[in-house]
Amino acid sequence: MPELPEVETVARGVDARVRGDRIVDVWLGSHKQPFKTPAVKQAKDLEGRTILGVARVGKHIVMSLGGIAQGKPLKKDVKREDVTAQWIVHLGMTGRLLVTTPEAEIAPHTHARLTLHSGKEIRFVDPRRFGRLEFRELSKSSGFEAPGAEPLRIEAEAFAALFKGRKLAIKAALLNQSLLAGVGNIYADESLNRAGIRPRRRAGALTRKELEQLRVALSEVLTQAIKLGGSSVSDYVDANGVKGFFQLEHRVYQRTGEPCRTCKTSIRRIVVAGRSTHYCPTCQK
DNA sequence: CATTTCACCTGGTGGC
DNA sequence: TGCCACCAGGTGAAAT
């Protein structure tokens, strides 16, 4: 499901519903994947902690946790020093992070259930198990940081520098999370289309003007997608189980053979970096 | 080091 | 209906 706009939507939705609540009971499944640390240890680490906030970093959802506490859950105002641990959720291809009532039916492929003091549950569901669940104690490791730059914050010069001298296809470069954090297959294709750039162009051969068009197009398409709750291509839903609407705005992604919305040329599908890639041969040079 | 390929999983779709 | 090939929002290890 999940690229930057979808992950942002999920993180905001979870944050709105569980911030200040406390984890009182944890059930984790028995598969090796998606647990980066053994499930039994992870469950023990999570129990009793207050949820101080939930935010997106790249394609990761980072839940900030306080120390183990008894009594009433509390506080909406969080100080950085209150955060002693993090629970990091990556949704992979098919992961869902849902906030539900305890009575809600348990979906197949549910791998984690966190029962909260309020009675709500946080559930992680992931059929393909490409997702990852990781617990980090901040006394033992540093806080989670994405290796790549945030596409919505990076400025023109830094953006251009990312691609300088690179021989790989611009599409492959956009997908590289250590350059830009959060861009996936949908928004790579959509931003290249809006910037008028063919996906197979060598990243290092793009002009400064083209790179700036790309940066702006990417920023706009991500911003618009967040506003519409992300793209629901097959089964993506937000923390409340609600689909997004940005798939209605797609100009090329999964529109092979359909007419370009600008020039009517048939949208073409190729494979770049091992991924389906869609573009308009007329509008993109 | 930069780049490419492939394995990791399950489920849906469409052809025969 | 069954079987099979192919495809899917991602990534990290191994190969080149």
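Here B:dG11 presents its C1' atom at 20 Å from OH of A:Tyr236, a figure rounded to the nearest Å. Distance CG (A:Leu179) to C1' (B:dC1): 13 Å, rounded to an integer number of Å. Rounded to an integer number of Å, the gap from A:Arg275 CZ to C:dC7 C1' is 11 Å. Atom CG of A:Asp235 and atom P of B:dG12 are 9 Å apart (whole Å). Residue A:Gln247 contributes atom CD, which lies 15 Å from atom C1' of C:dA8 at whole-angstrom precision. Between A:Leu133 atom CG and B:dC9 atom C1' the separation is 15 Å, expressed in whole Å. Distance CG (A:Asn176) to C1' (C:dG10): 13 Å, rounded to an integer number of Å. Look at CD1 on A:Ile170: it is 15 Å from C1' on B:dT3, rounded to the nearest Å.
Closest to the side chain of A:Pro127, from the set B:dT3, C:dA8, B:dG11, is B:dG11. The nucleotide whose nearest atom lies closest to any side-chain atom of A:His109 is, among B:dG11, C:dA8, C:dG10, B:dG11.
For A:Ser232 and A:Arg132, each mapped to the nucleotide of DNA chain C holding its nearest heavy atom, the one lying further toward the 5' end belongs to A:Ser232. Residue A:Arg269 is the one, among A:Arg269 and A:Lys59, whose nearest nucleotide of DNA chain C lies closer to the 5' end (criterion: closest heavy atom).
Taking 4.0 angstrom as the limit, A:Thr94 places none of its side-chain polar atoms (N or O) nearer than this to OP1 or OP2 of C:dA8. Within the structure, every side-chain polar atom (N or O) of A:Gln33 is placed at least 4.0 Å from both OP1 and OP2 of B:dC8. Residue A:Lys167 places none of its side-chain N or O atoms closer than 4.0 Å to OP1 or OP2 of B:dT3. Distances shorter than 4.0 Å separate none of the side-chain N or O atoms of A:Arg129 from OP1 or OP2 on B:dC8. Here A:Gln177 reaches the OP1 or OP2 of C:dT11: one of its side-chain N or O atoms lies under 4.0 Å away. For the OP1/OP2 pair of B:dC9 and a distance below 4.0 Å, the side-chain nitrogens and oxygens of A:His31 include no atom meeting the criterion. Using a 4.0 Å cut-off, some side-chain N or O of A:His90 falls inside it from OP1 or OP2 of C:dT11.
Atom CG of A:Leu206 is separated from atom CG of A:Leu211 by 5.0 Å, given to the nearest 0.5 angstrom.
Counting any heavy atom pair closer than 4.0 Å across all strands shown, A:Gly274 reaches no nucleic acid atom. Within the 4.0 angstrom heavy-atom criterion, no nucleotide atom of any strand lies near A:Ser178. Within the 4.0 angstrom heavy-atom criterion, no nucleotide atom of any strand lies near A:Tyr187.
The pairing partner recorded for B:dG11 is C:dC7, the criterion being a Watson-Crick or G-U wobble arrangement whose two distances lie under 3.5 angstrom.
Using a distance-only test at 3.5 Å, with no hydrogens or angles considered, a donor-acceptor pair links the side chain of A:Arg201 to the main chain of A:Lys285.
Remark: ring of A:Phe130 does not overlap the six-membered base ring of C:dT11 in a stacked fashion, as centroids less than 5.5 Å apart with planes less than 30° apart are not both met.
Using cut-offs of 30° and 60° on the angle between ring planes, the pair A:His60 and A:Phe144 is tilted.
Counting heavy atoms of neighbouring residues, nucleotides and ligands inside a 6.0 Å radius, atom CD of A:Glu145 does not exceed 12 of them.
For B:dC9, the base has a donor-acceptor partner in the side chain of A:Arg128 [N/O atoms by modelled type, under 3.5 angstrom].
For the residue pair A:Gln247/A:Ser232, the side-chain donor-acceptor check at 3.5 Å is not satisfied.
Applying salt bridge (Lys or Arg N to Asp or Glu O under 4.0 Å) to A:Arg56 and the options A:Glu3, A:Glu150, A:Glu6 leaves one that passes, A:Glu150.
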